[in-house]
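By convention here, the first residue in the shown sequence is residue 1.
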Amino acid sequence: MPIMMTMRSFALAASVVLPVAAFAAEAPKVSQKSPESSMPAGIWVPDQGDGTYINPVLQGDYSDPDAIRVGDDYYLTASSFTNIPGLPILHSKDLVNWTLIGYALERNVPDGHHTTPRRGGGVWAPAIRHHDGKFMIYYPDPDFGIFLVTATDPKGPWTKPVLVDNTKGAIDPAPFWDEDGQAYLVHGFAGSRAGIKNIITLKKMSPDGTKTLDSGKYIIEGDKLPKVQTSQGLVSWFTTEGPKLYKRAGYYYVFVPSGSVKGGWQGVFRAKTIDGPYEGRSVIDQGTTEMNGPHQGAWVDTAPKNGKPGEDWFLHFQDADSYGRRVMLQPMTWGKDGWPIIGERQKGQVYGQPVWRHKKPNVPAQPVAVPVVDDDFRNGYHLGWQWNANPNEDWADASIKGKLRLKSISSSVNLWEAGNLLTQKLPGMTFSATTKLSLMPNLAGERAGLVVLGYNYGWVGLENTAEGVRLVQVTRLKASAGGAETVMAAPEKITGPVWVRAHLEPVTVVDSPPNQPFYWPSMLRSTHATVTFSYSLDGVTFTPIGAGFTSQPGRWVGAQIGVFAQSPTGTPSNTATRVGFVEFEYFKVTP
């Protein structure tokens with residue numbers, strides 16, 4: 001049956017931004033075969049059930065992870081950018097099986113500024129600590145400063161954000177309390193806001209950690225450092241950021257990634273006094289593996305047993321393009337020379353390379369767990385969903401149980417500019433997501449559907465027209481630059497609910513060399529997803545619709561999948577007293 005196609009074009013928006021001392025102890029030898037080619041379809045589960053895990057331990061886009069151990073429990077948080085609620089809180093007993101237990105940030109601040117999706121803004125790399133009986137998360141919004149939220153229970157409630165430091169362009173904060181009680185804060189700089197970068201600053205804070213007390217001192221200046229040895233030879237320090245400050249055996253250690261997000265390495269600096277001078281080295285880079293850019297994370301350990309120290313581990317992210325910044329778990333050891341090495345030691349070197357499969361941490365066995373994905377909307381929507389901007393209370397009707405009812409909010413027809421999208425992170429490499437929806441419109445132009453969002457996006461769902469409701473598949477490439485919208489309409493007459501499905505499969509795309517003096521070969525390729533759509537009128541037989549498209553990530557985030565309802569700006573919704581709504585009956589991910 002023929003499918004009708006129309007074209008709509010819109011004004012051009014912002015351009016798309018495409019994205020030596022003694023040797024440390026040997027790390028265990030492990031298989032370096034990448035699992036991506038053989039990862040089973042569906043929701044990714046890292047625990048292999050045989051005492052080993054396969055990276056990533058968090059397949060979803062948990063960018064810039066930081067983690068702590070409190071007793072036998074681990075807590076992890078990550079960047080959330082414009083997605084709300086923000087600052088996800090995940091819990092684990094073994095560093096492999098993670099559960100999403102809540103969020104530390106109800107709304108981005110300033111509230112009014114974030115009522116529209118500030119793509120690439122909002123919450124950047126946070127740090128979580130447990131101090132003086134409280135959980136504390138420091139996070140930056142590079143346009144406004146460094147904020148602090150606290151809680152006595154990691155599940156919440158969390159306090160409203162307190163501005164700790166208003167330095168423009170300050171990013172990646174991490175607190176530290178020395179033995180004498182003095183509090184410090186280290187942070188980096190975003191060159192786009194601060195005008196400087198590749199610098200780590202140390203500032204004193206008030207004892208309660210709520211305010212910086214001075215303008216700080218530069219303790220690491222990448223541009224002034226001698227070149228560092230990596231598996232690609234001697235390289236200058238650049239894009240040095242994401243500091244985490246620790247103390248061990250009389251040394252202060254600053255863990256800092258460097259060398260760019262996708263192609264960098266993890267560096268470590270140490271000094272006998274907190275303000276330096278610091279000496280540094282790389283402790284892990286890509287080496288001979290396929291795991292590009294071991295970048296930014298957290299050193300954690302297991303609890304001591306029988307008077308013996310626990311094991312050391314490092315959680316970091318790997319930029320996987322459309323699939324986001326996935327969290328990897330690496331073994332970590334300390335050499336007799338007082339330097340750490342992360343992952344599997346590269347032959348004859350003082351730095352490691354990432355492991356794909358490894359023995360799990362030596363802790364009691366735990367049930368297999370992953371962050372929640374599927375939803376029957378029995379009690380509203382689950383914790384895995386986030387809005388794309390600070391929401392209004394009427395975007396979703398909380399009084400409806402067993403279905404998700406979304407109001408047709410007046411918003412840009414270009415969904416890149418719309419905040420009323422309810423989305424999740426991609427839970428696997430190859431998977432299908434299916435939902436059943438019914439549109440109850442009040443105005444012509446109301447639309448609702450299942451969307452895969454990034455710089456390119458596409459959705460399948462329902463649109464109300466003067467001739468009635470029709471089923472459509474909409475694609476917009478280069479959405480952040482105002483690219484044209486393609487609409488394909490199915491010929492069926494729609495008189496009730498429909499089932500719609502998006503299917504994603506990974507695809508490797510060849511990239512041009514990056515505009516920087518040094519890069520790993522892995523930076524010449526990207527992992528995206530081929531996205532195809534289908535629909536059904538009976539929930540059994542699905543019919544393909546549209547040509548599909550190749551995904552792109554968003555601004556500092558991977559692609560997202562979710563649902564929405566809208567009355568596009570320019571329709572009568574701007575002046576109407578009432579608009580319609582859509583109801584989604586479930587959301588299900590299958591292989």
Side-chain angles (χ1 to χ4, degrees), residues 33-50 52-62 88 90 92 94 96-100 290-291 318 320-329 356-357 360 366-378 381-386 422-436 450-454 458-460 499-508 527-536 539-542 544 548-551 553 558-563 584-591:
K33 182 180 179 181
S34 166
E36 293 185 346
S37 60
S38 58
M39 284 174 70
I43 298 170
W44 171 242
V45 179
D47 193 328
Q48 300 303 291
D50 60 0
T52 68
Y53 69 91
I54 296 180
N55 275 314
V57 292
L58 283 169
Q59 166 65 22
D61 183 19
Y62 291 97
L90 295 101
S92 178
D94 63 0
V96 173
N97 294 286
W98 291 92
T99 302
L100 180 63
E290 296 297 313
M291 194 183 296
Q318 175 217 20
D321 310 301
S322 284
Y323 287 89
R325 296 175 175 183
R326 312 178 305 179
V327 179
M328 310 291 181
L329 177 64
W356 283 111
R357 186 167 192 154
K360 291 167 59 179
Q366 301 297 318
V368 172
V370 296
V372 63
V373 177
D374 295 343
D375 206 341
D376 60 10
F377 305 121
R378 183 172 301 175
Y381 52 87
H382 64 52
L383 289 173
W385 297 98
Q386 295 172 285
L422 193 60
T423 58
Q424 293 195 43
K425 307 173 190 303
L426 301 187
M429 298 296 288
T430 300
F431 66 92
S432 293
T434 307
T435 187
K436 180 182 178 183
L450 175 67
V451 63
V452 177
L453 179 78
W459 63 271
V460 60
W499 289 256
V500 292
R501 176 173 293 167
H503 181 73
L504 285 75
E505 291 192 17
V507 60
T508 300
T527 303
H528 298 299
T530 55
V531 184
T532 53
F533 296 100
S534 58
Y535 68 92
S536 175
V540 177
T541 302
F542 280 79
F549 72 101
T550 300
S551 70
Q560 300 175 14
I561 189 166
V563 295
F584 296 92
E585 295 193 20
Y586 66 88
F587 179 88
K588 179 73 173 177
V589 167
T590 55

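- Distance check, rounded to the nearest 0.5 Å: OG1 of Thr590 to CD1 of Ile43 gives 9.0 Å.
- Here His382 pairs with nothing under the side chain to side chain donor-acceptor pair (under 3.5 Å) rule; sequence neighbours left out.
- A donor-acceptor contact closer than 3.5 angstrom is absent between the side chains of Ser432 and Arg501.
- Not counting sequence neighbours, Ser534 has no partner by the side chain to side chain donor-acceptor pair (under 3.5 Å) test.
- Counting only distance, with no hydrogens or angles, the side chain of Tyr53 and the backbone of Leu329 share a donor-acceptor pair below 3.5 Å.
- Judged by distance alone, with hydrogens and angles left aside, the side-chain atoms of Trp44 form a donor-acceptor pair with the main-chain N or O of Pro56 at under 3.5 Å.
- Every residue two or more places apart in sequence or in another chain was checked for a side chain to side chain donor-acceptor pair (under 3.5 Å) with Gln424, and none qualifies.
- Between Lys360 and Gln366 there is no side-chain heavy-atom pair separated by less than 4.5 Å.
- For Lys436, the salt bridge (Lys or Arg N to Asp or Glu O under 4.0 Å) criterion is met by Glu585, not counting sequence neighbours.
- With sequence neighbours left out, the side-chain contact (heavy atoms from CB on, under 4.5 Å) criterion links Asp376 to Arg378.
- Annotation: ring-ring contact (aromatic ring centres under 6.0 Å, His included) contacts of Trp459 (sequence neighbours excluded): Phe564.
- The heavy-atom pair separating Ser551 from Ser322 by the smallest distance is OG-OG, 2.8 Å.
- Interatomic distance, Lys588 NZ to Phe431 CZ, rounded to the nearest 0.5 Å: 13.5 Å.
- Phe587 meets the ring-ring contact (aromatic ring centres under 6.0 Å, His included) test with Trp385; sequence neighbours excluded.
- In this structure, the side chains of Asp47 and Pro367 stay at 4.5 Å or more apart for every pair of heavy atoms.
- Applying the salt bridge (Lys or Arg N to Asp or Glu O under 4.0 Å) test to Asp375 and every residue at least two apart in sequence or in another chain returns nothing.
- You'll find the side chain of Val96 stays beyond 4.5 Å of the side chain of Gln48, heavy atoms only.
- Between Met429 atom CE and Met39 atom CE the span is 6.0 Å, to the nearest 0.5 Å.
- In this structure, Val372 and Gly384 approach most closely via the heavy-atom pair CG1-N, 3.9 Å.
- Exactly one residue among Leu58, Leu90, Asn55, Asp61 makes a side-chain contact (heavy atoms from CB on, under 4.5 Å) with Val327. That residue is Leu58.
- No donor-acceptor distance shorter than 3.5 angstrom exists from the side chain of Thr423 to the backbone of Ile561, with no hydrogens or angles considered.
- Tyr323 pairs by the side chain to side chain donor-acceptor pair (under 3.5 Å) definition with nothing, not counting sequence neighbours.
- Applying the side-chain contact (heavy atoms from CB on, under 4.5 Å) rule to Leu383 yields the partners Leu100, Tyr103; only residues at least two apart in sequence or on another chain are considered.
- Nearest heavy-atom pair, Val451 versus Val563, reported as atom, atom and distance to 0.1 Å: CG1-N, 4.3 Å.
- Taking each heavy atom of Tyr535 and Pro544 in turn, the nearest pair found is CE2-O, 4.4 Å.
- Put simply, the side chain of Lys425 does not reach to within 4.5 Å of the side chain of Gln59, judged on heavy atoms.
- Using a 4.5 Å heavy-atom cutoff, the side chains of Phe584 and Leu450 are not in contact.
- In this structure, the side-chain contact (heavy atoms from CB on, under 4.5 Å) partners of Glu505, at least two apart in sequence or on a different chain, are Thr430, His503, Thr530.
- Scanning both residues, Asn97 and Ala369, for their nearest heavy atoms gives OD1-N, 3.0 Å.
- Here OG1 of Thr527 is found 7.5 Å from CD of Gln318. Values are rounded to the nearest 0.5 Å.
- Residues Pro553 and His528 meet the side-chain proximity criterion, which asks for heavy atoms closer than 4.5 Å.
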Can Asp374 and Tyr586 be said to form a side chain to side chain contact (heavy atoms under 4.5 Å, CB included), step by step?
CA-CA 8 Å; Asp374 295 343; Tyr586 66 88; over 6 Å; no

